[in-house]
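Notes to accompany the following structure.
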Amino acid sequence: MSLEAWMAGAAPSAYTAGTLRSISRTLADADAQIRSAGTAEPAEQAALTAAVKDLSVAVARAQAGLQAGNRTEVQNAQQDLRLASRSLSTAYARYFAPKS
């Protein structure tokens with residue numbers, strides 16, 4: 001939402017950059033927690049890790065685009081964030097699905 005607000009001129013760059021830094025830290029923490037969790041489902045854990053990595057890459061891309069004032073790069077990063085979010089949702093559902 002911050003990126004959309006920035007694109008619309010409704011959020012300052014400093015606020016949007018701070019939001020992206022916060023998201024980046026949260027994703028790094030999530031990645032560390034996923035990696036340290038013991039699981040009997042390594043494939044599902046790997047899918048979660050990959051989804052978080054994809055989100056992190058997209059956030060970094062958005063940060064670079066924002067810093068450069070490159071609206072096209074920010075738009076592309078937004079699309080990457082949407083796709084990575086869907087991947088994370090799918091991986092999360094599989095990871096926490098009841099096992100038979």
Side-chain angles (χ1 to χ4, degrees):
M1 290 188 325
S2 291
L3 291 175
E4 289 176 17
W6 179 80
M7 294 288 295
S13 295
Y15 171 81
T16 306
T19 300
L20 291 171
R21 279 190 301 276
S22 177
I23 292 167
S24 184
R25 286 190 299 269
T26 300
L27 289 169
D29 290 344
D31 182 60
Q33 289 176 4
I34 293 165
R35 289 178 186 276
S36 69
T39 181
E41 305 296 336
E44 285 85 355
Q45 186 177 20
L48 273 176
T49 300
V52 169
K53 182 181 185 318
D54 291 346
L55 281 168
S56 296
V57 168
V59 168
R61 186 176 182 188
Q63 287 173 309
L66 179 68
Q67 186 175 3
N70 185 332
R71 296 175 97 60
T72 301
E73 187 67 15
V74 171
Q75 284 179 315
N76 291 337
Q78 280 182 296
Q79 183 63 28
D80 292 347
L81 284 164
R82 287 182 190 104
L83 293 172
S85 293
R86 284 193 284 269
S87 294
L88 179 62
S89 294
T90 301
Y92 184 87
R94 288 183 181 146
Y95 186 79
F96 290 103
K99 310 294 186 243
S100 2

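Nothing fancy with the numbering, it's 1 onward along the sequence. Atom set for the values below is all heavy atoms of this structure, side chains included, hydrogens, waters and symmetry mates excluded.
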Pairs satisfying salt bridge (Lys or Arg N to Asp or Glu O under 4.0 Å), at least one member in residues 14-38, at least two apart: D31-R35
Distance check, rounded to the nearest 0.5 Å: T16 atom OG1 versus Q67 atom CD? 13.5 Å
Y95 and L48: which non-hydrogen atoms are nearest, and at how many Å? CG-CD1, 3.4 Å
Give me the atom names and distance for the closest heavy-atom approach of W6 to S13. NE1-OG, 2.9 Å
Closest non-hydrogen atoms of S2 and A11, given as atom of the first, atom of the second and distance, are O-CB, 4.4 Å
Rounding to 0.5 Å, atoms CD (E4) and CD (Q78) come to a distance of 5.5 Å
Less than 4.5 Å apart, any side-chain heavy atom of T72 and any of N76? yes
By ring pair (Phe, Tyr, Trp, His ring centres under 6.0 Å), Y15 pairs with (sequence neighbours left out) none
Is it the case that the side chain of S85 and the backbone of L81 share a donor-acceptor pair, with hydrogens and angles ignored and the cut-off at 3.5 Å? yes
Distance check, rounded to the nearest 0.5 Å: T19 atom OG1 versus L3 atom CG? 8.5 Å
Which atom pairs, donor and acceptor, lie under 3.5 Å between side-chain atoms of residues 49-61 and protein residues at least two apart or in another chain?
residue: T49; atom: OG1; partner: Q45; partner atom: O; Å: 3.1
residue: S56; atom: OG; partner: V52; partner atom: O; Å: 3.1
residue: R61; atom: NE; partner: E73; partner atom: OE2; Å: 2.6
residue: R61; atom: NH1; partner: D80; partner atom: OD2; Å: 2.4

Is there a path of hydrophobic side-chain contacts, each under 4.5 Å between heavy atoms of I, L, V, M, F, W or Y residues, that connects L83 with L27? no
Can any side-chain N or O of S24 pair as donor or acceptor with the backbone N or O of L20 at less than 3.5 Å? no
